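Written out below as structure tokens is the structure these notes cover.
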Amino acid sequence: MENDQANQTLKSIARSAKQRIKKGFWKECEADVRARVEEAKKQGLNEEKAERYFMKEAQKTVCGEKEKDDEFYLRVKEMLLSEGETSDAIGRLTDKAYFDTLTYEEKQRYTLSLSEKYLRALERFRKESEFAVTSAPVRS
């Protein structure tokens, strides 16, 4: 998110925001969030918690965060669905060829960073499972 937006000028960011307003993005987003919250409510889930979750997902779409995290998340999701939570998840997610090129200190940082990403992906998986999220993303 930071690198993408750092490369954009303030003018282009404003232009994108204006296009979202003109195309009714926010109205569509609100309707989508309301529908998902209503569905979660019917399933007996906490309405406020569901609303916060779906609003955050819409925000990620606008910020471009979602696309960057999706590839890693899909790998984690596939692993969790097929094998559940495993004790060697970080080892399975490690890019072995890249890892072998790192110094000891870089390996430590890489492993810590990978572990943080895994925990975020695991939390996302749990939330999506709780709200039975379908792959109907909000358009930007």
Side-chain angles (χ1 to χ4, degrees):
M1 182 173 102
E2 292 175 12
N3 289 340
D4 292 341
Q5 288 188 349
N7 294 334
Q8 294 180 342
T9 64
L10 181 59
K11 192 174 185 177
S12 67
I13 292 170
R15 190 176 313 121
S16 295
K18 187 175 180 180
Q19 285 300 316
R20 281 192 296 274
I21 291 170
K22 280 184 176 181
K23 292 181 178 181
F25 172 81
W26 293 113
K27 288 180 182 177
E28 185 178 312
C29 179
E30 183 178 12
D32 182 55
V33 168
R34 291 284 152 234
R36 289 176 173 215
V37 168
E38 207 45 50
E39 182 61 34
K41 186 177 173 182
K42 287 178 186 174
Q43 294 176 10
L45 300 171
N46 183 314
E47 186 176 350
E48 289 179 23
K49 192 174 179 183
E51 184 174 14
R52 281 193 305 271
Y53 172 78
F54 292 122
M55 289 301 290
K56 189 169 210 126
E57 288 300 304
Q59 183 182 22
K60 285 180 184 179
T61 300
V62 172
C63 295
E65 223 174 273
K66 198 164 180 101
E67 292 80 23
K68 285 191 272 180
D69 291 339
D70 274 351
E71 183 180 327
F72 181 78
Y73 172 71
L74 291 175
R75 287 178 53 208
V76 171
K77 182 178 179 179
E78 182 180 317
M79 184 177 72
L80 291 169
L81 289 173
S82 66
E83 302 170 37
E85 292 184 44
T86 61
S87 60
D88 65 339
I90 303 304
R92 292 175 187 220
L93 295 167
T94 299
D95 179 347
K96 308 279 190 266
Y98 174 71
F99 189 79
D100 290 340
T101 67
L102 302 175
T103 65
Y104 176 78
E105 292 83 14
E106 291 170 333
K107 287 178 180 180
Q108 296 297 310
R109 281 191 293 273
Y110 175 81
T111 302
L112 180 60
S113 173
L114 190 62
S115 177
E116 290 171 353
K117 282 177 66 175
Y118 171 73
L119 290 175
R120 283 193 305 271
L122 180 59
E123 182 66 23
R124 177 179 169 187
F125 176 79
R126 288 176 178 161
K127 285 180 181 178
E128 285 185 3
S129 296
E130 179 181 356
F131 296 117
V133 174
T134 60
S135 55
V138 177
R139 294 180 304 179
S140 58

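Remember, predicted model here, so these are calculated numbers, not experimental data. When a residue number appears, it is its place in the shown sequence, counting from 1.
Cluster annotation: M79 is connected to L119 through the hydrophobic network of ILVMFWY side chains, with a link wherever side-chain heavy atoms come within less than 4.5 Å. In the hydrophobic clustering of this structure, L112 does not group with Y98; members are Ile, Leu, Val, Met, Phe, Trp, Tyr whose side-chain heavy atoms approach within less than 4.5 Å, directly or through other members.
Around atom NZ of K107, more than 12 heavy atoms belonging to other residues, nucleotides or ligands sit under 6.0 Å away. Within 6.0 Å of atom NZ in K27, 12 or fewer heavy atoms from other residues, nucleotides or ligands are found, so the atom counts as exposed in its surroundings.
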Which is it for D32 and R36 under the side-chain contact (heavy atoms from CB on, under 4.5 Å) test, yes or no, and what are the steps along the way? CA-CA 6 Å; D32 182 55; R36 289 176 173 215; 3.5 Å; yes

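With sequence neighbours excluded, no residue forms a side chain to side chain donor-acceptor pair (under 3.5 Å) with R109. Not a single side chain to side chain donor-acceptor pair (under 3.5 Å) links E48 to another residue, sequence neighbours left out. Residues satisfying the side chain to side chain contact (heavy atoms under 4.5 Å, CB included) criterion with T103, sequence neighbours excluded, are E105, E106. The salt bridge (charged side-chain N to carboxylate O under 4.0 Å, His left out) test applied to D100 returns no partner, not counting sequence neighbours. For E30, the side chain to side chain contact (heavy atoms under 4.5 Å, CB included) partners at least two apart in sequence or on another chain are R34. In this view, E47 satisfies the side chain to side chain donor-acceptor pair (under 3.5 Å) rule with no residue, not counting sequence neighbours. Residues forming a ring pair (Phe, Tyr, Trp, His ring centres under 6.0 Å) with F99 (at least two apart in sequence, or on another chain): Y110. With sequence neighbours left out, the salt bridge (charged side-chain N to carboxylate O under 4.0 Å, His left out) criterion links E116 to no other residue. Remark: T111 pairs with no residue by the side chain to side chain donor-acceptor pair (under 3.5 Å) rule, at least two apart or across chains. Listed by chain and number, the residues in a salt bridge (charged side-chain N to carboxylate O under 4.0 Å, His left out) with R75 amount to none (sequence neighbours excluded). Partners of I21 according to the side chain to side chain contact (heavy atoms under 4.5 Å, CB included) rule, which considers only residues two or more places apart in sequence or in another chain, are W26. Residues that satisfy the side chain to side chain contact (heavy atoms under 4.5 Å, CB included) test with Q108, not counting sequence neighbours, are Y104.
Atoms NZ and CD, from K77 and E128 in turn, are 5.5 Å apart once rounded to the nearest 0.5 Å. The CZ atom of R124 sits 12.0 Å away from the CG atom of L80 when rounded to the nearest 0.5 Å. In this structure, the separation between NZ on K22 and CZ on R15 is 11.0 Å, given to the nearest 0.5 Å.
In this structure the side chain of Y118 reaches within 4.5 angstrom of the side chain of L93, judged on heavy atoms.
Between the side chain of K117 and the main chain of Y73, no donor-acceptor pair closer than 3.5 Å is present.
Nearest approach of F72 to A121, heavy atoms of both residues: CE2-CB, 4.2 Å.
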